[in-house]
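Structure first, commentary second.
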Amino acid sequence: DAAKAVVVLPKSSGASWDLGADDLTVALSLRLVQQELPVDDHRVSIAGHSAGGAYAYLLAYTTVSKYSAVFILSAPKYDVAAVADPAYRAPIRMYYGTTDPNFTGGAEAALKAQWDRLQIAWQEDVRVGFSHNVWPLQTMIDGFLFLVGKTYVAAPPPPPPPPAPACLPGPTTLCLLGGRFRVEVTWHDPQGKSGPGQVAPCAAAADSSGLFWFFTPDNWEMMLKVIDGCALNQHFWVFSAATTNVGYDLMVTDTKTGQAARYTNPLGQTSPAITDTMAFATCP
């Protein structure tokens, strides 16, 4: 009444507890309550005394049970290796009387060390002269006030990974218009040799155009530009001029859509200028 809490008291399947059958009992008990009363699923907590207290924290921390808080009285110590739901580490409040064997025998100290290791926030209520099965009324009131004051907060979903760069510039890859367009060229000569066109270093300084060389860095073979003609004809344009008669295969790819435009020059033919104003109907 003092905490304005609804208390559900499911009965254990045996003299102690079992993390199989009793888990089901707890789940069914909650389901029955939810059929009768409006329940805030983010404010469902768990409490227990002695072995029931151990069961409460084992259920809260070794399963993804989404309890908002834990309240235990005179509980023994059981190992919790890791929190099953690291997105929310339910805070815990512990009661012990100073004559309780679980207090004098070290369970209370061991549990505090365990909660610190697991980064679980804890509170403690230790009453002088009280034993394992007896506690002041205020202890129970404070414990339930602690429970109703906590809310399960689901962790926000992780942010999506940053998008991969549309175009990764490299020795043989030219990226234009902010990386939207990827340009690559391969060549083959009369001697049967072939290879990728190499991006001239100065091409990195321009966003809409670049240069390729085939044989030596100081002998540029091809200039290429991609022009945003969306305002004029709703297309991106590809213009190119090559001072060569070797065969080549030029590929321009719109990385946003995956659409590609391919231009080839046969071996032995002087390369004509490319002025393709309809290359990509992929605006904007």
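One-based numbering along the sequence shown.
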Taking all non-hydrogen atoms of both residues into account, name the closest pair between [X] and [Y] and its distance.
| X | Y | value |
| --- | --- | --- |
| A107 | A75 | CB-O, 4.1 Å |
| A3 | L145 | CA-CD2, 3.8 Å |
| I120 | A90 | CG2-O, 3.3 Å |
| A166 | G179 | CB-O, 3.1 Å |
| V252 | F280 | O-CZ, 3.3 Å |

[atom1]-[atom2] distance between [X] and [Y], expressed to the nearest 0.5 angstrom:
| X | Y | atom1 | atom2 | result |
| --- | --- | --- | --- | --- |
| N265 | S271 | CG | OG | 4.5 Å |
| L168 | C175 | CG | SG | 6.5 Å |
| S50 | N102 | OG | CG | 6.0 Å |
| E124 | I72 | CD | CD1 | 9.5 Å |
| L267 | H188 | CG | NE2 | 5.0 Å |
| D100 | N133 | CG | CG | 8.0 Å |

Same cluster (ILVMFWY, side-chain, under 4.5 Å), [X] and [Y]:
| X | Y | answer |
| --- | --- | --- |
| M94 | V70 | yes |
| V128 | L137 | no |
| V226 | V199 | yes |
| V8 | L32 | no |
| L30 | L37 | yes |

Polar side-chain atom of [X] near backbone of [Y] as donor-acceptor pair, under 3.5 Å:
| X | Y | result |
| --- | --- | --- |
| D207 | L176 | no |
| T253 | T255 | no |
| S29 | P10 | no |
| T172 | Q198 | no |
| Q234 | C230 | yes |
| Y57 | Y78 | yes |
| D189 | K193 | yes |
| R117 | A81 | yes |

Inset, instruction - Decide yes or no on side-chain hydrogen bond (donor to acceptor under 3.5 Å, both in side chains) for Y263 and D276, but give the supporting numbers first. - result: CA-CA 10 Å; Y263 309 91; D276 187 358; 2.7 Å; yes
Check: [Y] and [X] side chains under 4.5 Å, non-hydrogen atoms:
| X | Y | value |
| --- | --- | --- |
| L174 | F181 | no |
| V185 | F214 | yes |
| H49 | H132 | yes |
| M222 | T244 | no |
| V80 | L118 | yes |
| F236 | L177 | yes |
| T63 | L58 | no |
| I274 | F239 | no |

Taking the inter-plane angle between the rings of [X] and [Y] on a 0 to 90° scale, is it parallel (under 30°), tilted (30 to 60°) or perpendicular (over 60°)?
| X | Y | result |
| --- | --- | --- |
| F144 | F71 | perpendicular |
| W115 | Y61 | tilted |
| Y96 | F103 | tilted |

Return yes if a side-chain donor-acceptor contact under 3.5 Å exists between [X] and [Y], otherwise no.
| X | Y | result |
| --- | --- | --- |
| T186 | Y248 | no |
| Q123 | D142 | no |
| S68 | H42 | no |
| D125 | T139 | yes |

Inset, instruction - Would you check if the distance from the ring center of Y152 to the ring center of Y67 is below 6.0 Å? - result: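 That pair fails the under 6.0 Å test.
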Inset, instruction - Compute the ring centroids of F215 and W187, then answer whether they are less than 6.0 Å apart. - result: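 Yes, close enough.
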Inset, instruction - Give a yes or no on whether K77 atom NZ has more than 12 heavy-atom contacts from other residues, nucleotides or ligands under 6.0 Å away. - result: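 More than 12 heavy atoms, drawn from other residues, nucleotides or ligands, come within 6.0 Å of this atom.
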Inset, instruction - Report, as yes or no, whether the 6.0 Å neighbourhood of atom CH2 on W220 holds more than 12 heavy atoms from other residues, nucleotides or ligands. - result: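 12 or below, so no.
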Legend entry - Verdict with supporting geometry, R127 and T98, side chain to side chain contact (heavy atoms under 4.5 Å, CB included): CA-CA 6 Å; R127 300 294 180 134; T98 56; over 6 Å; no
Legend entry - Residues that E108 engages under side chain to side chain donor-acceptor pair (under 3.5 Å), provided they are two or more places apart: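 Listed in chain order: K112.
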Legend entry - Step-by-step side chain to side chain contact (heavy atoms under 4.5 Å, CB included) determination, L24 to L28: CA-CA 6 Å; L24 180 59; L28 291 175; 4.0 Å; yes
Legend entry - Criterion side chain to side chain contact (heavy atoms under 4.5 Å, CB included) on V44 and K66, from CA distance to verdict: CA-CA 8 Å; V44 177; K66 297 186 178 181; over 6 Å; no
Inset, instruction - Determine, stepwise, if the pair S131 / T99 fulfils side chain to side chain contact (heavy atoms under 4.5 Å, CB included). - result: CA-CA 5 Å; S131 62; T99 64; 3.4 Å; yes
Inset, instruction - Please test T264 against D249 for side-chain hydrogen bond (donor to acceptor under 3.5 Å, both in side chains), starting from the C-alpha separation and ending with a verdict. - result: CA-CA 5 Å; T264 61; D249 188 356; 5.9 Å; no
